[in-house]
Structure formats: structure tokens, C-alpha cells
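First comes the structure, then the notes that go with it.
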Protein chains: 2
Amino acid sequence: MKATDINLSKSATMGDVARAAGVAPATVSRYLNNPDVVSPKTKHKIDQAIRAMNYVPHAAARTLASKKSRMIGAIVPSLDSNLFAPALEAFQSQVSKAGYTLVVASDNYDAEQEFKHINQMVSHGIDALLLVGSSHDEAIYQLLKAKQIPYVLTWTTTPQEEHPCIGFNNKIAAANVANYLMDLGHTKFAMISNNIKRNDRAHKRLLGVRDALALRGLSMSDEYLVERPISAEQGREAFRLLMSRSEPPTAIICGSEPFAYGAIFESKHLGLEVPRDVSITGFDDMWLASLITPSLTTVRTPQQKVGALAADYLIAKLTGKDVALPTPLEVEIIVRESCAPPSKH
Amino acid sequence: MKATDINLSKSATMGDVARAAGVAPATVSRYLNNPDVVSPKTKHKIDQAIRAMNYVPHAAARTLASKKSRMIGAIVPSLDSNLFAPALEAFQSQVSKAGYTLVVASDNYDAEQEFKHINQMVSHGIDALLLVGSSHDEAIYQLLKAKQIPYVLTWTTTPQEEHPCIGFNNKIAAANVANYLMDLGHTKFAMISNNIKRNDRAHKRLLGVRDALALRGLSMSDEYLVERPISAEQGREAFRLLMSRSEPPTAIICGSEPFAYGAIFESKHLGLEVPRDVSITGFDDMWLASLITPSLTTVRTPQQKVGALAADYLIAKLTGKDVALPTPLEVEIIVRESCAPPSKH
DNA sequence: AATGCAAATGAAATCGCTTTCATTTTGTTT
DNA sequence: AAACAAAATGAAAGCGATTTCATTTGCATT
């Protein structure tokens with residue numbers, strides 16, 4: 001770890017190391033990539049030489065020659081978001097543990113940006129790729145297929161098993177929430193959601209809610225669906241809007257948890273009491289859910305698990321192991337204080 | 001953007017494009033890197049060929065030949081943290097806007113991991129590097145210097161101008177908070193902080209507080225300094241601990257904002273009222289600060305700005321422009337409800 | 001038309017590694 | 001000790017771009 005003898009001139013190359021160790025470059029390469037096949041004796045010599053010259057392999061050269069970059073890409077909607085950060089952190093941890101380097105980009109829910117980023121990453125030779133959600137340009141899949149790049153879609157499950165996915169069933173999860181609220185006696189629902197068109201998870205959650213309602217002969221008109229960028233602030237506004245309707249909902253299902261926080265905070269400003277006047281649910285179970293007053297009834301999603309499993313899957317795939325895709329992950333409704341039966345008007 | 005004619009066999013190389021366009025590979029290279037020097041006529045031919053074959057340059061080959069990877073690295077303590085995410089998002093946005101690809105890693109405040117990641121990134125040929133904080137292994141600086149890799153330290157300022165920094169003065173910011181509280185009449189202080197040894201920002205904030213106190217003849221004993229990993233949950237525990245002292249503090253300065261949230265939530269459990277029974281301050285002004293009850297008096301730090309400026313600086317540096325480092329950024333105390341004069345015993 | 005100069009292009013070496021194939025060394029078996 | 005298979009090593013050909021240097025082309029000028 002001492003860095004006393006850093007060579008200030010040109011960096012040492014594999015050739016330099018080979019010369020110093022008195023072996024051929026090929027042997028150094030083997031030492032690096034497949035140590036088992038080099039004899040202990042030469043292994044030692046090479047080891048010495050590498051340390052002495054502070055040799056660091058030139059990754060681009062390796063990539064060029066081997067067609068493997070030892071980089072894995074991840075494209076998420078946003079880096080600045082509690083929604084993906086835990087998964088990304090877990091992903092990065094696993095990825096780097098396996099000796100890979102992580103390349104990331106955020107696309108702000110914009111398909112064109114995503115496409116651009118993917119092209120850039122592919123050009124850089126990433127060995128595998130993590131994507132969020134299930135709706136991606138067909139060209140992307142074609143590209144990944146053509147280049148034989150393993151990928152995985154996260155936060156989602158494909159019913160048709162078209163693509164490898166690691167996530168949970170958003171539709172069912174949302175349906176469970178709706179059912180829970182209906183069991184409490186609610187009939188007048190509203191939903192605060194991220195953009196339905198651009199965010200397939202949001203879309204599926206909406207479908208889940210609508211299906212569940214339909215099964216019990218209920219429905220939610222479009223007026224009670226408010227689409228917003230994800231943030232607590234937007235949740236506040238959406239809540240105010242919804243509660244100012246002539247016929248306000250008795251239960252508000254938030255497609256993303258920050259909306260729920262915003263709604264709860266805003267309820268205090270409006271002099272409303274949760275859950276007496278209106279029930280609110282979240283989605284994800286972030287740290288604030290249990291601390292806020294009233295604490296939030298929500299569905300807990302396995303965020304780090306998604307990240308870690310995605311990494312494991314891709315790495316296994318790269319290692320040549322044949323991997324079974326994990327079955328859709330479980331989610332769980334965490335019942336806290338923010339829901340109650342609707343008041344008798 | 002159509003991907004109808006993806007070549008399923010080997011990807012097209014520059015040679016293929018050259019052949020198709022009836023020019024030399026060198027000319028294609030010029031078209032890509034320095035379009036001004038190729039004639040409009042050939043430019044058109046090459047353009048056609050590239051589209052037709054769906055050619056994507058091989059980044060590793062470019063890197064090898066040009067010694068520029070068009071990748072920029074960033075190492076942050078944690079990806080799963082509201083503290084760095086906004087900056088990182090802004091950084092990534094600028095970086096990719098300039099045509100670079102972002103490589104990230106998190107080191108969990110562990111110097112050894114950081115060193116490992118940097119080596120890996122350097123091996124991958126990153127053109128520039130963002131680091132957080134000011135305390136890094138000397139070997140790192142040597143390596144970056146030897147390889148001539150521009151870098152920037154963020155969230156900090158070096159008084160000695162040893163290294164390029166983009167951030168604010170943590171010491172002064174914390175001192176301001178302490179002064180504000182002393183102005184209110186406080187004399188019995190406590191601080192909840194991240195690990196002082198591993199986190200230089202935390203350390204500087206502590207120094208700022210201590211210095212400010214000293215200037216007014218006050219002090220804070222070590223018993224009133226609680227070091228914890230950054231989270232609201234840890235903030236709760238620390239708060240409970242501090243308030244159970246025989247002589248509890250009247251003001252608690254939180255070195256990171258999640259601590260403050262935890263403290264405020266826990267105060268309710270303990271039947272204490274903020275700010276009547278104890279004043280609390282945060283650090284960063286995250287979204288929750290204005291929504292929580294009581295709203296949090298805190299210091300607002302320019303997070304996106306740090307990320308964006310860091311990117312601008314590095315990119316300018318890479319473009320060969322001579323860049324003036326921005327002066328330390330301003331921070332501002334946002335006075336809200338969580339502080340008040342100490343109660344009369 | 002001849003001249004000269006700048007602009008545009010091409011040829012070929014090079015970047016640092018991997019990998020195939022051939023060769024040498026080692027160790028085991030008879 | 002001979003014979004042979006297995007293990008270890010070496011030689012050399014790429015991988016796909018960039019870049020220097022040389023050459024050709026195009027245009028304006030006389």
C-alpha cells in the first residue's frame with residue numbers, strides 16, 4: 001500500500017513487468033487472469049515485479065483484447081431519490097465485490113435519454129446492464145441481444161417472462177392496498193401517482209387499484225387520479241386538490257411514499273385529521289414511515305434485495321453459470337396508524 | 001433511431017465504415033473526432049455509411065489509442081443517502097451533457113475501500129475524479145498526480161489551497177449555528193455527529209462549534225458529543241441518551257440532518273417539547289426540514305450546486321481551459337421553529 | 001496554363017493487453 | 001533410465017481505434 005516508488009514517467013506496462021520478472025508477457029497475463037495455470041515459482045517473481053513497479057493493468061487494453069470490460073451499467077430514473085438509492089447502493093456493493101466497476105446514469109423517466117445512455121454504455125463495452133421497469137424501447141432489447149449483453153429489469157415482473165426481471169408485482173401490491181382499504185369500509189378512493197405514461201410501475205399500481213375496486217363493484221373516476229412528479233411537496237398540493245373536491249375521497253392511495261408524507265403534513269395545515277377524516281397509504285416503507293405522526297400504513301418493498309439480487313444474477317450470468325431467475329419477491333402491507341374506517345360522514 | 005438493420009453478426013468497425021464510404025479509416029476517425037477538417041462531401045458519405053451499418057465506436061479501442069476514456073469517476077461515502085444524492089444527480093447530469101460517462105463507487109467512509117476503488121477507476125482510465133471531503137490517503141494524491149488526472153474535492157474547502165475544492169466551510173457553518181444558539185442564550189450544548197475520525201466534514205463541524213463556544217468562554221465536554229452513523233434512528237437514540245443525563249443540554253447541534261429529525265421525533269415520545277425544553281438544529285436543509293413539526297432551524301447547503309460546479313470544473317479542466325476555482329460557497333442559516341431561548345431552569 | 005499553398009486524405013505505426021498454437025519443462029509410469 | 005502425458009511457458013497475431021507524416025487534391029493567383 002505504500003506509494004513511495006510511484007513511477008512518475010510513463011506507467012509500467014505488462015511488458016515491463018514481464019521483463020523485470022524474466023518471463024513472457026503472456027505469462028503475466030495468465031498470472032492476472034488465470035493464476036491457477038502458472039507455477040508458484042513464477043507467480044512469486046511476477047508478484048514481486050508488479051509490486052516493485054506499482055503496475056496497474058490497463059483496462060481499456062484488456063477490454064480491447066478480451067472483449068470484456070469488467071464494467072456493469074445501471075440506468076435509473078433518478079439518483080436523487082430514496083426510491084432507487086438503497087437498491088443502487090446494494091447493487092454497487094455486490095458489483096464491486098465481484099471486481100466489477102459500476103457505470104451509472106439517470107434518465108429522469110425519459111426514454112430518449114435512456115436510449116442515449118445505453119448506447120454510450122454499450123460503446124464503452126459494459127458487460128451487463130441493470131434497467132428499471134419494464135417498458136423500454138424495442139431497439140434497446142435488440143441492441144442488447146445483438147451484443148449479447150446480459151441485462152435485468154428491476155422493480156417489476158414480466159408476466160410473460162419475456163425478459164429477466166427482479167422485482168415484485170406492482171399490480172398485486174397495489175391491489176392488496178386497495179383491498180385492505182375496502183375491508184375497512186372505504187368506497188370513495190383517490191390516488192396520487194407519478195406519470196402513468198412514463199412510469200410503468202405507476203401504471204401497474206393504478207391498474208391494480210382499479211382492478212381490485214372493480215372486483216367489488218367500485219370504481220375511481222379520473223378526477224380522483226392526480227399525476228405528479230414524485231416529491232412530498234407535490235403530495236401536499238395533490239392532497240389539497242383532492243380534499244377540496246365537493247365530494248372528497250375517504251381514502252387516498254399514494255403510488256409513491258413521498259406523496260403520502262406530503263399528504264399527511266398538509267392534512268395538519270388543512271385542519272384535517274388522519275385517519276379520522278381521510279385514510280392514507282404509502283408505497284415502499286421508507287424510514288420516515290414509522291416516525292411520522294400518524295405513522296404510515298404502507299407496503300414494504302424489498303429495495304436492497306432488488307439491488308443485491310440483480311447484481312447476483314448478472315454476475316452469475318457473466319460467470320457462465322446458468323442461473324434461475326428468482327421468483328417475484330414478496331411484499332407486505334405494514335399496518336400502522338394512517339388508515340381507519342371511513343367516518344360516518 | 002430505428003433499429004431495423006442491426007447487424008447480428010460482428011459489430012461494424014471503423015474499417016467497415018471506411019470501406020463502405022470509400023475512404024480511409026483515418027478519415028472516419030477525423031469525422032468522429034474533428035469533423036471540421038473533413039470535407040462536406042466525404043462527411044456526407046461517412047454519415048451515410050455510419051447510419052447504414054449502425055456503427056458505434058469502440059470506446060475501449062479509442063481509449064487505448066487516444067489515452068482518453070471519456071469517463072469520469074466519482075467516489076462518495078454512500079449512494080443511499082440524501083446527503084450526496086442531489087449533488088451526484090447534478091454531477092451526472094452535467095457530466096453526461098458533456099458527453100462523458102459516469103463511473104461511481106461508494107466507500108462507506110472507509111479509506112481502504114476508497115483506495116481500492118480509485119485504483120480500479122484509474123485502471124479503467126477515467127479522465128477525471130470527484131472525491132468527497134478533504135482527508136484522503138497521500139498515495140491517492142500521488143497516483144492522481146502521476147497519472148495527471150484532474151480531480152476535485154467536494155463538500156469542503158482547503159484553507160491551504162493544496163487541492164482544488166468545491167464546497168463550503170464546514171467549520172464556519174457550524175460556528176454560525178453555535179453563535180446563533182448562544183445569541184439565544186444557550187450555554188449547555190450537545191452535539192450529535194458522525195464519526196469524527198473517519199468523516200472530516202463532521203470533524204470540522206465539531207471544531208467550528210468548539211471554537212465558537214471557546215470564543216465566548218464556553219465549552220462542551222466529550223460527554224455531550226455523541227458519535228453515530230448517520231440516520232434518524234440513530235438520532236433518536238442519541239437524543240434519548242443526551243436527555244437522560246443528569247444535566248441535559250438545552251441545545252443540541254446535529255452535525256447531519258437525519259439526527260435532527262430523529263431527535264425531534266423522539267422528543268415526542270419522551271414528552272419533551274421542542275424548542276421549549278430543548279433547541280435542535282440540523283445541517284443541510286433537506287426537504288423534510290420545513291415540513292416536520294416543529295420545523296427545523298438548520299443551515300442550508302448548496303448541494304446541487306456542489307455537484308454541478310464540480311462537473312463544470314473538471315470538464316473545463318479536461319477541455320484544456322484554465323479554470324478559476326470557485327470561491328467557497330455560501331451557506332445560510334434557515335431559522336424556523338426548532339430553536340428558542342433556554343427555559344429558565 | 002503554370003505555380004504555389006492550403007486543405008483534405010491516406011498509409012502505417014502504435015496503444016497495452018489476450019489468446020491461440022507451438023514449444024519446452026516437469027513429473028509419472030514402466 | 002526411457003517414454004509419454006500433463007503442466008508451464010513463449011512467440012506472435014490480433015483487438016479497433018488514433019495520430020504522425022507523407023501525399024494528393026483543390027483553388028486562387030499570376
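Reminder, nothing fancy here: chain letters follow the sequence lines and each chain counts from 1. Since we're looking at a predicted model, the values are computed, not measured.
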Could you give the [atom1]-to-[atom2] distance, from [X] to [N], as a whole number of Å?
{"X": "B:K68", "N": "C:dC15", "atom1": "NZ", "atom2": "C1'", "result": "14 Å"}
{"X": "A:D16", "N": "C:dG16", "atom1": "CG", "atom2": "P", "result": "9 Å"}
{"X": "B:L64", "N": "D:dC15", "atom1": "CG", "atom2": "P", "result": "14 Å"}
{"X": "A:D36", "N": "D:dA6", "atom1": "CG", "atom2": "C1'", "result": "16 Å"}
{"X": "A:M53", "N": "C:dG16", "atom1": "CE", "atom2": "C1'", "result": "14 Å"}
{"X": "A:N34", "N": "C:dC17", "atom1": "CG", "atom2": "C1'", "result": "15 Å"}

_On DNA chain D, does the nearest nucleotide to B:A60 precede the nearest nucleotide to B:K41 from the 5' side, or the other way round? Give the residue._
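Nearest-nucleotide comparison on DNA chain D picks B:A60.
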
*To the nearest 0.5 angstrom, please state how far the CG atom of A:D110 sits from the CZ atom of A:R198.*
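These two atoms lie 6.0 Å from each other.
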
*Gap separating the CG atom of B:L129 from the NZ atom of B:K147, nearest 0.5 angstrom*: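 It is 13.5 Å, given to the nearest 0.5 Å.
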
_Show the nearest heavy-atom pair for residues B:L102 and B:G73, with the distance to one decimal._
CD1-C, 4.4 Å

*Would you call B:K43 and B:D47 a salt bridge, taking side-chain N to carboxylate O under 4.0 Å as the test?*
no

_Reading 5' to 3' through nucleotides 18-23 of chain D, protein heavy-atom contacts under 4.0 Å coded B for base, S for sugar-phosphate only, - for none_ = BBB---

*asked:* Check the orientation of B:Y141 and B:H163. Use parallel for under 30°, tilted for 30 to 60°, and perpendicular for over 60°.
replied: parallel

_Heavy-atom check, side chain of B:V38 versus side chain of B:V28, under 4.5 Å_ = no

*Quick one: does B:Q92's side chain get under 4.5 Å of A:L79's, heavy atoms only?*
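With C-beta onward as the side chain, the pair touches.
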
*Can you find a side chain N or O atom of A:T42 that sits less than 4.0 Å from OP1 or OP2 on D:dT9?*
yes

*May I ask you to evaluate whether B:S39 reaches the phosphate of C:dT9, defined as a side-chain N or O under 4.0 Å from OP1 or OP2?*
yes

*Decide whether B:S123 and B:N119 meet the rule of one side-chain donor and one side-chain acceptor closer than 3.5 Å.*
no

*asked:* Which nucleotide wins on minimum distance to the side chain of B:K67, given the candidates D:dG16, C:dT9, C:dC15?
replied: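 Comparing D:dG16, C:dT9, C:dC15 against the side chain of B:K67, the answer is C:dC15.
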
_Set of side chain to side chain donor-acceptor pair (under 3.5 Å) partners for A:D200, sequence neighbours left out_ = A:S134, A:S135

*Within the structure shown, what part of the strands sits under 4.0 Å from A:Y31 by heavy-atom distance: base, sugar-phosphate, or nothing?*
nothing

*Helical bend (five base pairs per end, nearest 10°) for the helix from C:dA1-D:dT30 to C:dT30-D:dA1*: 30°

